[in-house]
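What follows is one structure encoded as structure tokens, with my remarks underneath.
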Amino acid sequence: MGDLDSDFYESEDPVWNPALLTIPMPGIRKMVNLASTMDDVIHLSIGQPDLPAPTHVVDATIAALQAGQTGYTMDAGLPELLEALSDYYGARYARELTPDNILITTGATEAIYLALTSTSSTGREFIIPEPSFMLYAPLVRMNGGTVKTIPTRAESNHQLDPQDVIDAIDANTCAIVLNSPSNPTGTLYPRETIEAIVQEAAYRGVYVISDEVYDHLVYDDKTYPSVLSCCSDLDHVMVISSFSKTFSMAGMRVGWLIASQGAIKKLRRYHMFTTTVANTPCQWAGVAALRGERHFVDNMLDVYTRRRDRVVELVRQTPYLEGYKPEGAFYLFPALPEGINGNNVALRLLKETGVCTIPGETFGPSCSNALRISYSTSIEQIEEAFRRLIPWMEKQDFA
């Protein structure tokens, strides 16, 4: 049986829309697929929480199913969830939101899809910091838009210089895509960076599309600077999040998009032609997550803080890896020496040690000499992974 991914990308069958060829084969899928054929693999590759969802969230899902809540909701989402989200964000950022500012989507993935494909077209340019989550650039390009990347580096903790973004804005700029804390770097942009970008974008009539799915995975008692807390109004912003990371609900597929009421009206119409509505019982689970106790989130932060600190220490002990201290999410994106192909390193590392990481090029061409390490796994697994990884790296000659 052939490789289905390769078969598709090598096919010249005219039935397929050529725009689909702008979507690359994900490096994550390549690595995980290969790992699935091997024994004794340790995954430093998984991008979802490993902690079970809170009991009250699971119970709310079961209760909704037993109560017969298995039909469609309103296209914008379950009214109770829209109300809970507007209350939650209004209290968190001290700004007035109504349910009409929110659209419930099938995970943050659909929200990202709607935001980018509804605004991208021929001649429109999107500014995207790199490394970046692998969805953004392909979605822009498959709709005829162009991407202008702003590379960041491990030696500066992958922080983004707002002046670089401002200088990149030109007459063709449609939107700036931000993701903080970042997948794959775990970098948290400080308030002054967000404010500078949001204010200049509003002045220039440019949208800011902010992916904030890791907004609760923020370490060291830092306050999260959401775009919602940095903008004067919602006319030029779209903010995306979900329950996936905060409440370990990744497979339950409930996300949302926050924007002006006018933008939400347009996006609702588009949403009806994509997934129609999000999962109904899991929207009730979302209400329970927002209205219930928050011990789960506090405990999760404690767990991931300990893991983050240990991974930072172990990367520091690893030859040829240049690390830093991420302030959010559950990723580290250490650099290999300049000129070293991260794809080759990741593949050899997996085949020769059974440690699965993700090659940096998955997150942009400027990142080819890097690896993404996820610490969404136990301390025991992390320790064992580096017991294999460090001796292997000591034997390499990357000079």
Side-chain angles (χ1 to χ4, degrees), residues 22-32 44-49 105-117 119-120 126-143 145 147-154 157-160 165 175-189 194 197 207-218 224 226-227 238-246 250 253 255-257 326-334 342 346 357-368 370-376:
T22 66
I23 303 175
M25 285 187 284
I28 294 174
R29 181 172 177 181
K30 285 182 188 176
M31 296 299 293
V32 172
L44 300 181
S45 56
I46 304 302
Q48 66 176 0
T105 58
T106 302
T109 300
E110 190 206 354
I112 293 166
Y113 177 88
L114 294 177
L116 293 176
T117 61
T119 53
S120 179
F126 288 67
I127 296 172
I128 303 178
E130 202 170 85
S132 67
F133 184 49
M134 60 186 184
L135 283 184
Y136 310 144
L139 286 175
V140 170
R141 293 185 179 118
M142 73 183 290
N143 287 276
V147 173
K148 182 182 288 185
T149 59
I150 308 290
T152 63
R153 302 294 176 193
N157 291 11
H158 288 289
Q159 281 294 339
L160 181 64
V165 177
I176 300 160
V177 181
L178 299 178
N179 175 211
S180 172
S182 162
N183 176 4
T185 66
T187 299
L188 177 72
Y189 299 149
I194 302 293
I197 293 170
Y207 254 97
V208 173
I209 298 171
S210 183
D211 178 352
E212 302 186 357
V213 298
Y214 295 96
D215 62 342
H216 281 283
L217 275 171
V218 174
Y224 179 66
S226 170
V227 162
M238 296 185 199
V239 174
I240 292 159
S241 194
S242 79
F243 293 113
S244 296
K245 316 302 182 182
T246 305
R253 312 310 302 138
W256 54 88
L257 190 152
E327 295 176 322
F330 37 66
Y331 306 110
L332 185 66
F333 199 72
T357 60
I358 305 300
E361 198 171 62
T362 302
F363 307 97
S366 73
C367 319
S368 59
L371 300 172
R372 190 190 76 173
I373 292 172
S374 168
Y375 46 93
S376 183

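Each residue takes its place number in the sequence, starting with 1. Scope of the values below: all heavy atoms of this structure, side chains included, with no hydrogens, waters or symmetry mates.
- Remark: Phe363 CZ to Met134 CE distance equals 7.0 Å, nearest 0.5 Å.
- Minimum interatomic distance between Pro326 and Gly186 (heavy atoms only, all atoms of both residues): CB-O, 3.7 Å.
- The shortest distance between side-chain heavy atoms of Pro181 and Leu217 does not fall below 4.5 Å.
- Two residues are said to be in side-chain contact when any heavy atoms from C-beta on lie closer than 4.5 Å; Leu116 and Val177 meet this criterion.
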Could you go step by step and tell me if Lys148 and Ile128 meet the side chain to side chain contact (heavy atoms under 4.5 Å, CB included) rule? CA-CA 6 Å; Lys148 182 182 288 185; Ile128 303 178; over 6 Å; no
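- Counting heavy atoms from C-beta outward, Glu110 and Leu257 have side chains that stay 4.5 Å or more apart.
- In this structure Ser180 satisfies the side chain to side chain donor-acceptor pair (under 3.5 Å) test with no other residue, sequence neighbours excluded.
- For the pair Pro129 and Tyr189, the tightest heavy-atom approach, listed with the atom from each and the gap, is CB-OH, 3.8 Å.
- Partners of Glu361 according to the salt bridge (charged side-chain N to carboxylate O under 4.0 Å, His left out) rule, which considers only residues two or more places apart in sequence or in another chain, do not exist here.
- Partners of Thr357 by side chain to side chain donor-acceptor pair (under 3.5 Å), not counting sequence neighbours: none found.
- In this structure, Thr109 and Leu135 have side chains that are in contact, with non-hydrogen atoms separated by less than 4.5 Å.
- When every heavy atom of Leu139 is checked against every heavy atom of Asn143, the shortest pair comes out as O-ND2, 2.9 Å.
- With sequence neighbours left out, the side-chain contact (heavy atoms from CB on, under 4.5 Å) criterion links Glu327 to Gln159, Leu188, Lys222.
- Between Leu114 and Ile112 the shortest side-chain heavy-atom distance does not fall below 4.5 Å.
- Residues passing the side chain to side chain donor-acceptor pair (under 3.5 Å) test with Asp215, sequence neighbours excluded: Arg92.
- Between Ser244 and Gln48, the closest side-chain pair of non-hydrogen atoms is not below 4.5 Å.
- Under the side-chain contact (heavy atoms from CB on, under 4.5 Å) criterion, Ala108 pairs with Val213, Ile240, Ser242, not counting sequence neighbours.
- Residue Ile150 holds its CD1 atom at 6.0 Å from CD1 of Ile127, rounded to the nearest 0.5 Å.
- In this view, Ser241 satisfies the side chain to side chain donor-acceptor pair (under 3.5 Å) rule with no residue, not counting sequence neighbours.
- The two residues Lys245 and Gly47 have their closest heavy-atom pair at NZ-O, 2.8 Å.
- Residues Leu178 and Leu160 have side chains in contact (heavy-atom distance under 4.5 Å, counting atoms from C-beta outward).
- Note that the CE atom of Met142 and the OH atom of Tyr113 stand 5.5 Å from one another [nearest 0.5 Å].
- In plain terms, the two heavy atoms of Arg372 and Ser45 that are nearest each other are NH2-O, 2.8 Å.
- With sequence neighbours left out, the side-chain contact (heavy atoms from CB on, under 4.5 Å) criterion links Ser226 to Tyr93, Glu212, Tyr224, Leu228, Ser229.
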Could you go through Asn183 and Tyr214, starting from their C-alpha distance and side-chain angles, then the distance that decides it, and tell me whether this counts as side chain to side chain contact (heavy atoms under 4.5 Å, CB included)? CA-CA 9 Å; Asn183 176 4; Tyr214 295 96; 3.8 Å; yes
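- Residues Thr117 and Ser120 form no side-chain contact, since every pair of their non-hydrogen atoms from C-beta on lies 4.5 Å or further apart.
- Qualifying ring pair (Phe, Tyr, Trp, His ring centres under 6.0 Å) partners for Phe133, counting only residues two or more places apart in sequence or in other chains: Tyr136.
- With sequence neighbours left out, Ser374 forms a side-chain contact (heavy atoms from CB on, under 4.5 Å) with Phe330, Tyr331, Ser376.
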Test Val227 against Ile194 for side chain to side chain contact (heavy atoms under 4.5 Å, CB included), laying out the working first. CA-CA 7 Å; Val227 162; Ile194 302 293; 3.9 Å; yes
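- Taking CE of Met31 as the reference point, atom CG of Leu44 lies at 10.5 Å (rounded to 0.5 Å).
- Taking every heavy atom of both residues into account, Pro131 and His158 meet most closely at CD-ND1, 3.7 Å.
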